Amino acid sequence: MRQLFSVKSGRATPARGSPGRRLYAIGDVHGCYSEMCALLELIREDHEARPPATCFIVFLGDLVDRGPRSQDVIRHLRDRPPEFAQLYLLKGNHEEMMLRALRGEPHLIRDWLKHGGDTCARSYGLDPARLLTEDTETLAHLLAGHVPAEDLDFLETCIDQVRFGDYLLVHAGVRPGVALAQQSGRDLRWIRGEFLETAQDLGAVIVHGHTITETVTEKANRIGVDTGAYRTGVLTAVRLEGAERSFLSVGEPA
């Protein structure tokens with residue numbers, strides 16, 4: 001399935017992107033390499049069918065874990081980024097967990113593996129049985145031997161947020177009542193309840209992933225595009241251009 005669709009906004013005055021620019025924000029990939037490649041191709045076709053504009057692609061975080069091909073996702077974006085767009089990668093909570101576990105906090109390795117890092121480790125060729133049976137010191141040694149430093153270096157380049165006109169793109173959300181300039185990295189990568197439940201003006205329309213919904217979520221103050229690719233088979237992006245927004249998706253629901 002390859003589709004592009006629009007959803008009406010509940011906002012009285014439509015939010016606008018940066019003038020003369022087109023941006024595609026992609027929800028949580030979670031190791032779903034085939035779906036990512038298909039969506040990038042759909043985005044390329046969509047961009048080339050529209051009037052010329054400077055194009056940006058923003059991945060909203062959680063490139064890794066849970067799905068089967070985290071290594072391929074990292075390598076593709078590192079070595080073969082889309083030529084028609086400027087690429088930005090946001091750091092999700094799963095990038096944070098992986099980097100902390102593999103770069104200096106080995107006591108977090110088992111927690112990372114338990115929350116989807118096991119499939120990431122398997123994508124690098126680690127024996128699943130050893131992930132369950134080895135002690136922490138041995139796991140740290142195995143992971144260091146299988147996950148190249150350059151892949152971790154690439155993930156270290158992820159940033160916390162992108163501002164695009166009236167939109168702010170982050171991984172998880174923002175804390176209501178806190179100025180956008182004062183948001184903590186932890187909230188940008190981990191928040192759920194307070195952010196998802198508020199209807200207040202947040203200072204920008206927040207575009208985010210992190211929380212899986214069956215279809216895209218579009219409210220006056222936020223847009224959620226994590227359609228749970230690793231679980232549902234559907235990977236989604238939002239296109240922001242001027243006062244227009246549309247959604248593109250690939251995959252078939254599981």
Side-chain angles (χ1 to χ4, degrees), residues 23-33 35-37 39-40 43 55-67 69-82 85-105 108-109 111-113 115-117 119-121 123-124 143-144 147-164 167-175 180-192 195 204 206-212 223-226 229-230 235-238 240:
L23 183 146
Y24 299 86
I26 298 175
D28 303 30
V29 173
H30 274 309
C32 295
Y33 178 68
E35 291 85 351
M36 182 190 77
C37 291
L39 185 55
L40 285 172
I43 288 171
C55 185
F56 300 86
I57 293 177
V58 178
F59 282 84
L60 294 172
D62 284 3
L63 296 172
V64 299
D65 298 349
R66 301 203 186 279
R69 299 179 66 182
S70 293
Q71 177 183 206
D72 291 332
V73 169
I74 293 171
R75 299 284 175 84
H76 184 103
L77 295 177
R78 188 191 73 193
D79 299 336
R80 291 178 287 153
Q86 297 180 41
L87 180 66
Y88 291 88
L89 307 176
L90 300 187
K91 181 182 284 186
N93 58 306
H94 281 264
E95 281 79 35
E96 178 184 300
M97 286 191 293
M98 180 179 179
L99 288 168
R100 290 181 64 188
L102 301 189
R103 287 202 151 162
E105 299 182 68
L108 297 177
I109 287 176
D111 193 48
W112 170 60
L113 293 173
H115 289 90
T119 58
C120 180
S123 78
Y124 281 95
L143 287 162
V147 182
E150 52 266 34
D151 285 8
L152 299 177
D153 291 342
F154 178 71
L155 293 181
E156 294 277 17
T157 68
C158 293
I159 58 179
D160 281 341
Q161 57 186 275
V162 169
R163 186 68 189 246
F164 187 69
Y167 298 97
L168 182 71
L169 290 76
V170 301
H171 173 62
V174 300
R175 184 164 295 279
L180 294 179
Q182 303 301 318
Q183 296 286 330
S184 72
R186 178 167 182 80
D187 281 337
L188 296 176
R189 292 187 287 277
W190 291 88
I191 198 168
R192 278 204 172 95
F195 166 67
I206 309 301
V207 181
H208 67 96
H210 187 57
T211 298
I212 295 174
I223 302 169
V225 293
D226 181 5
Y230 78 94
L235 182 63
T236 299
V238 58
L240 306 173

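Sequence positions, counted from 1, serve as the residue numbers for this chain. From a predicted model like this one, the values you see are computed outputs, not experimental measurements.
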Could you grab the distance from atom [atom1] of [X] to atom [atom2] of [Y], nearest 0.5 Å is fine?
X	Y	atom1	atom2	value
D111	M97	CG	CE	7.0 Å
I43	I26	CD1	CD1	3.5 Å
L108	L102	CG	CG	10.0 Å
D160	R189	CG	CZ	4.5 Å
H30	T119	NE2	OG1	9.0 Å
C120	W112	SG	CH2	4.5 Å

### Task
From the options I223, L23, V162, select the one residue that forms a side chain to side chain contact (heavy atoms under 4.5 Å, CB included) with Y167.
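Among the candidates, only I223 passes.
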
### Among L89, L90, L240, V207, the one residue meeting side chain to side chain contact (heavy atoms under 4.5 Å, CB included) with V58
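Option passing the side chain to side chain contact (heavy atoms under 4.5 Å, CB included) with V58: L90.
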
### Query
What do the steps show when you test M36 against L77 for side-chain contact (heavy atoms from CB on, under 4.5 Å), and what is the final call?
CA-CA 10 Å; M36 182 190 77; L77 295 177; 4.1 Å; yes

### Message
Assess, by modelled atom type and distance only, whether the side chains of D65 and H115 contain a donor and an acceptor separated by less than 3.5 Å.
### Response
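No pair is found: no donor N or O on one side chain lies under 3.5 Å from an acceptor on the other.
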
### Task
Dump the intermediate steps for side-chain contact (heavy atoms from CB on, under 4.5 Å) on Q161 and V174, then the final yes or no.
CA-CA 10 Å; Q161 57 186 275; V174 300; over 6 Å; no

Is there side-chain contact between [X] and [Y], with at least one heavy-atom pair below 4.5 Å?
X	Y	answer
I74	Y124	yes
F195	T211	no
I212	D226	yes
L60	L169	yes
V147	M98	yes
C37	R80	no
V170	Q183	no
H76	L40	yes

Of the non-hydrogen atoms in [X] and [Y], which two are nearest, and what is the gap between them?
X	Y	answer
A229	V29	CB-O, 4.2 Å
R75	P148	NH2-CG, 3.2 Å
L87	P82	CD2-CD, 4.3 Å
L143	A121	CD2-CB, 4.0 Å

### Test side-chain contact (heavy atoms from CB on, under 4.5 Å) applied to H171 and E95, step by step
CA-CA 11 Å; H171 173 62; E95 281 79 35; 5.9 Å; no

### Message
For a side-chain contact (heavy atoms from CB on, under 4.5 Å) check, start with the C-alpha distance between L180 and R163, then their side-chain angles and the critical distance, and finish with the verdict.
### Response
CA-CA 10 Å; L180 294 179; R163 186 68 189 246; 3.8 Å; yes

### Query
R78 pairs by side-chain hydrogen bond (donor to acceptor under 3.5 Å, both in side chains) with which of D151, T157, D153?
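Only one of D151, T157, D153 forms a side-chain hydrogen bond (donor to acceptor under 3.5 Å, both in side chains) with R78, namely D151.
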
### Message
If we ignore hydrogens and angles and just use 3.5 Å, is the side chain of H210 paired with the main-chain N or O of W190 as donor and acceptor?
### Response
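Side chain of H210 to backbone of W190, a donor-acceptor pair under 3.5 Å: yes, one is there.
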
